[in-house]
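What follows is a set of notes on a single structure, which appears directly below.
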Amino acid sequence: MRYCLAALLALGAATPAAADWRYCLARGPAGIVYLSTPFSSVDAMVSLGEAFGRRLDTEKRAHDPVQCPRAGDAAALRTLREAALRFNRQEGLTVVEVNWAPETKP
């Protein structure tokens, strides 16, 4: 029994985590919202947000904390992102789409 449990745990550890579909966004000064392109990642939201924030910092774009909403698949994420684009534009904000996705790891 102990061997079966160990084998199952080892098998679970070897199985890659399911990737989430995400995009990142952050508000900037003067009514600007920055949105990344959609991407798939297994990275933690915190590290994704930090990476997008670094990109904005590198481009000297002041910003508030980053959020990275997620969805289970690409179609759902596109719908979520389009709703965010529409909402922010209806609120009179300027949406700046940033061509960014996290670096993939081998």
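Sequential numbering from 1 along the given sequence is applied to the chain's residues.
The side-chain hydrogen bond (donor to acceptor under 3.5 Å, both in side chains) check on Asp73 picks up nothing, with sequence neighbours excluded. Under the side-chain hydrogen bond (donor to acceptor under 3.5 Å, both in side chains) criterion, Arg78 pairs with no residue, sequence neighbours left out. Remark: Glu97 engages Arg81, Leu85, Arg89, Val95 in a side-chain contact (heavy atoms from CB on, under 4.5 Å) (not counting sequence neighbours).
Under the 4.5 Å side-chain contact rule for hydrophobic residues, Phe52 and Leu93 do not share a cluster.
Between Met45 and Arg22, the closest side-chain pair of non-hydrogen atoms falls below 4.5 Å. Counting heavy atoms from C-beta on, the side chains of Arg61 and Val96 come closer than 4.5 Å. Here the side chains of Leu56 and Val98 are in contact, with some heavy-atom distance below 4.5 Å.
The shortest non-hydrogen separation linking Ala62 to Pro29 is O-CD, 3.2 Å.
Counting heavy-atom neighbours within 6.0 Å of Arg27 CZ, excluding the residue itself, gives a total of 12 or less.
Between the CD atom in Glu82 and the CG atom in Leu77 there is a gap of 10.0 Å [rounded to 0.5 Å]. Here the OH atom belonging to Tyr34 is positioned 13.0 Å from the CG atom belonging to Asn88, to the nearest 0.5 angstrom.
Under the side chain to side chain contact (heavy atoms under 4.5 Å, CB included) test applied with Cys68, the options Leu48, Leu25, Val46 reduce to a single match, Leu48.
Here Trp21 and Phe39 keep their ring centres 6.0 angstrom or further from each other.
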Worked verdict on Asp57 versus His63 for side chain to side chain contact (heavy atoms under 4.5 Å, CB included): CA-CA 8 Å; Asp57 293 343; His63 61 89; 2.8 Å; yes
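The closest donor-acceptor contact from the side chain of Thr58 to the backbone of Arg54 lies under 3.5 Å.
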